[in-house]
Amino acid sequence: MSAGSSRRRISPTIVLSTSLVALLLAVVIISLNIRTDRPTTLDGVTAEVIVDVDSISATLPAGVVTGSVDDSTVSDCPDGGGGQQVAVSRTMNVTADFESAAWIARVTRQYEDKGWDVRLRTLGSRDHVELRLVGQRLLIYRVITTGQEGTRQVIVRSDSRCSEPAPAWAPLPQPRENALVGFMTAS
């Protein structure tokens with residue numbers, strides 16, 4: 001090296017740490033901009049639950065359901081974050097010859113084969129049981145078979161995930177068409 005020129009050498013540690021910070025920043029930016037496949041609206045989270053309730057209901061043998069009633073209730077999310085969730089319940093009356101024990105065994109195998117967590121609990125008798133199904137999206141479904149009060153029923157219940165809270169800001173009014181016409185005149 002000559003006396004008039006001095007070169008400064010960059011430390012490999014500085015290069016490595018700068019690269020790691022840049023990589024971490026890129027990962028954070030990308031992850032914040034990727035859209036998840038989870039629904040965020042109340043209609044979306046409701047539809048997500050209904051798809052599985054329909055799927056569970058479709059496992060009942062043909063001709064067994066004599067009547068069906070759907071009920072849903074919207075409430076604020078328990079986390080206090082401003083979103084809403086919906087509690088869905090489908091009550092299906094079934095025929096007197098419905099083999100609930102065989103159906104429960106079949107549903108248990110079918111959903112375990114899909115990778116769902118399935119728990120069975122007897123609620124007093126062979127025909128009064130509850131299945132707890134937890135799906136891949138971590139939504140919990142309760143399936144109850146009962147023959148109380150002379151009416152045999154299968155009830156499927158679930159609570160949706162929370163929707164995103166409504167924005168705190170109001171949408172801006174849309175500009176009127178031709179609102180600026182006549183604003184500027186030629187002199």
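This chain uses plain numbering: 1 for the first residue, then up along the sequence. Just so you know, these numbers come straight off a predicted model, no measurement behind them.
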Is the shortest heavy-atom distance from the side chain of [X] to the side chain of [Y] under 4.5 Å?
X	Y	value
Leu133	Arg142	no
Asp159	Ile140	no
Arg119	Leu131	no
Leu42	Val74	yes
Thr41	Ser163	no

| query | What pairs meet the side-chain hydrogen bond (donor to acceptor under 3.5 Å, both in side chains) rule with one or both residues in residues 101-116, with sequence neighbours excluded? | reply | Ser55-Tyr111, Thr59-Trp103
| Can you list every pair that meets side-chain hydrogen bond (donor to acceptor under 3.5 Å, both in side chains) and has a residue in residues 76-87, with sequence neighbours left out? | none
Which atoms form the tightest heavy-atom contact between [X] and [Y], and what is the distance?
X	Y	value
Glu48	Tyr141	O-OH, 4.0 Å
Ile155	Ser89	CG2-OG, 3.9 Å
Cys162	Val45	O-CG1, 4.1 Å

Pairs of donor and acceptor atoms involving the side chains of residues 63-73, under 3.5 Å and at least two apart or interchain, shall be tabulated with distances.
{"unit_1": "Thr66", "atom_1": "OG1", "unit_2": "Asn93", "atom_2": "O", "d": "3.3"}
{"unit_1": "Asp70", "atom_1": "OD1", "unit_2": "Arg90", "atom_2": "NE", "d": "2.7"}
{"unit_1": "Asp70", "atom_1": "OD2", "unit_2": "Arg90", "atom_2": "NE", "d": "3.4"}
{"unit_1": "Asp70", "atom_1": "OD2", "unit_2": "Arg90", "atom_2": "NH2", "d": "3.1"}

| task | Check the pair Val143 / Val107 against side chain to side chain contact (heavy atoms under 4.5 Å, CB included), numbers first and verdict last. | result | CA-CA 10 Å; Val143 180; Val107 169; 5.9 Å; no
Measuring from atom [atom1] of [X] to atom [atom2] of [Y], what distance do you get when rounded to the nearest 0.5 angstrom?
X	Y	atom1	atom2	result
Met92	Thr145	CE	OG1	11.0 Å
Ile144	Gln153	CD1	CD	10.0 Å
Ser158	Ile56	OG	CD1	8.0 Å

| query | Do you know which of Leu139, Ile50, Val86 makes side-chain contact (heavy atoms from CB on, under 4.5 Å) with Ser160? | reply | Val86
| said: Can a donor-acceptor pair be found, under 3.5 Å and without considering hydrogens, that links the side chain of Gln136 to the backbone of Gly115? | reply: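 Flag set: sc Gln136 to bb Gly115 pair under 3.5 Å.
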| said: Pair Thr95, Asp97 - check side-chain hydrogen bond (donor to acceptor under 3.5 Å, both in side chains), show working. | reply: CA-CA 5 Å; Thr95 59; Asp97 62 343; 2.6 Å; yes
